[in-house]
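What follows is a single structure, written as structure tokens, with notes after it.
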Amino acid sequence: MPELPEVETTKRGIAPYIEHQRIECVTIRENRFRTPVPEYLAERLVHQQIGQISRRAKYLLLPVAEGHLIWHLGMSGSLRLETPEAALKKHDHIQLTMSSGWQLRYHDPRRFGFVDFIEDDPMSDSRLASLGPEPLSPILTGSYLYRVSRGKKSSVKTFIMDNAVVVGVGNIYASEALFMAGIDPRRAAGRISMERYQRLSAAIKSVLSSAIEQGGTTLRDFVSGQGEPGYFAQKLNVYGRSGAECVRCGTTLRNIVLGQRASVYCPGCQR
DNA sequence: CCCGATTCCTGTAGGC
DNA sequence: TGCCTACAGGAATCGG
């Protein structure tokens, strides 16, 4: 499921093929997503040139002359490049045919994602304006997490998955970062020391950078722009390993529910 | 304000 | 083998 590393992998994969290319044709086969595809989307895009693609949190931003496409992959979405001859897959809902001949196809079985068109400054858009800092930016530090967590009673895992605190940390990487930092995910966010938050911020950066290097994590259906899976799944220490032995201390990993999310951790070395 | 619960959706896995 | 149910989850929204 696309978290930040998967969205970054997608961005890097598709950018060389669609930046500075003109959109020749827009095909929308399905418009029911988290929000409906705007009816005017195709007419706003056709014959427009795409500028430099960027990413904010898990949103992809594709600039065109009169605004930005904003794309969110939800939890089962992927964007991949195909030649026009390549067979359509079930759930290939939207497709942009580029002047280069490549087709950008949006595949999203669960339809939790969406695409929208923003005319104004995208950073002023309500969906982007309230977001916290990027995890790989210098703004995310141990002292930042320590400061904004004071008084918070929710669990530290829920806290780092809150997009107002820091963006792009979903269930997989939150679980992995807490394991790496040796912190029990159930701990109240407001009662964790500065020292531990320094370890946690370093762990978040480490696990996300490493996952980006591996091309993301493929559990079921994530594929890069080139249609290839990511390889970080092989490096997961706790996510999806409930009942197995901890790679560090051998204790049996436990699964609990925090914030309605499965949370696997090691009772032996996460305290 | 804060925090937890609910909601959207479909493919997959597990139980019987 | 086939049917049924539970589960996966990002983020908006609601309610206490």
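Values in this document were obtained by computation on a predicted structure and should not be read as measured data. Every chain is numbered from 1, with letters handed out A, B, ... down the list of sequences.
Not a single ring pair (Phe, Tyr, Trp, His ring centres under 6.0 Å) links A:Y197 to another residue, sequence neighbours left out.
Under a cutoff of 6.0 Å and an axis angle of 45°, A:R248 and A:F179 form a cation-pi pair.
In this structure, a donor-acceptor pair under 3.5 Å is absent between the side chains of A:E24 and A:T97. Looking only at atom types and distance, the side chain of A:D108 has no donor-acceptor partner in the side chain of A:H93 under 3.5 Å away. No side-chain donor-acceptor contact under 3.5 Å links A:Y106 and A:R80. With hydrogens and angles left out, the side-chain atoms of A:R127 and A:Y59 include no donor and acceptor closer than 3.5 Å.
Put simply, CZ on A:R127 is 10 Å from P on C:dT13, counting in whole angstrom units. Separating the CZ atom of A:F114 from the C1' atom of C:dA12 is a distance of 11 Å, rounded to the nearest angstrom. Atom-to-atom, CD1 of A:I160 to P of C:dG10 comes out at 12 Å; the value is rounded to the nearest Å. With rounding to whole Å, A:E6 atom CD is found 13 Å from C:dG10 atom C1'. Distance, A:R55 CZ to C:dG10 P: 15 Å, rounded to whole Å. Per the geometry, CG belonging to A:L60 stands 15 Å off C1' belonging to C:dG10, to the nearest Å. Going from atom CG of A:L128 over to atom P of C:dA11 covers 11 Å, rounded to whole Å. Rounded to whole angstrom, the span from the CG atom of A:D162 across to the P atom of B:dC2 amounts to 10 Å.
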Polar atoms only, N or O, under 3.5 Å: list the protein pairs with nucleotides 14-16 of chain C and their distances.
none

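The aromatic rings of A:F114 and A:H72 sit parallel, their planes meeting at an angle under 30°, below the 60° perpendicular limit.
Counting heavy atoms from C-beta on, the side chains of A:P2 and A:T10 never come closer than 4.5 Å.
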Check the pair A:K58, A:N163 against side chain to side chain donor-acceptor pair (under 3.5 Å), reporting the backbone distance first and the verdict last.
CA-CA 10 Å; A:K58 298 172 191 167; A:N163 280 334; 5.2 Å; no
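Using a 4.0 Å heavy-atom cutoff across all strands shown, A:F159 reaches no nucleic acid atom at all. A:N163 comes within 4.0 angstrom of sugar-phosphate atoms only, judged by non-hydrogen atoms across all strands, and of no base.
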Under a 4.0 Å heavy-atom criterion, the protein footprint on nucleotides 4-10 of chain B, written with B, S and -, is SBB-BBB
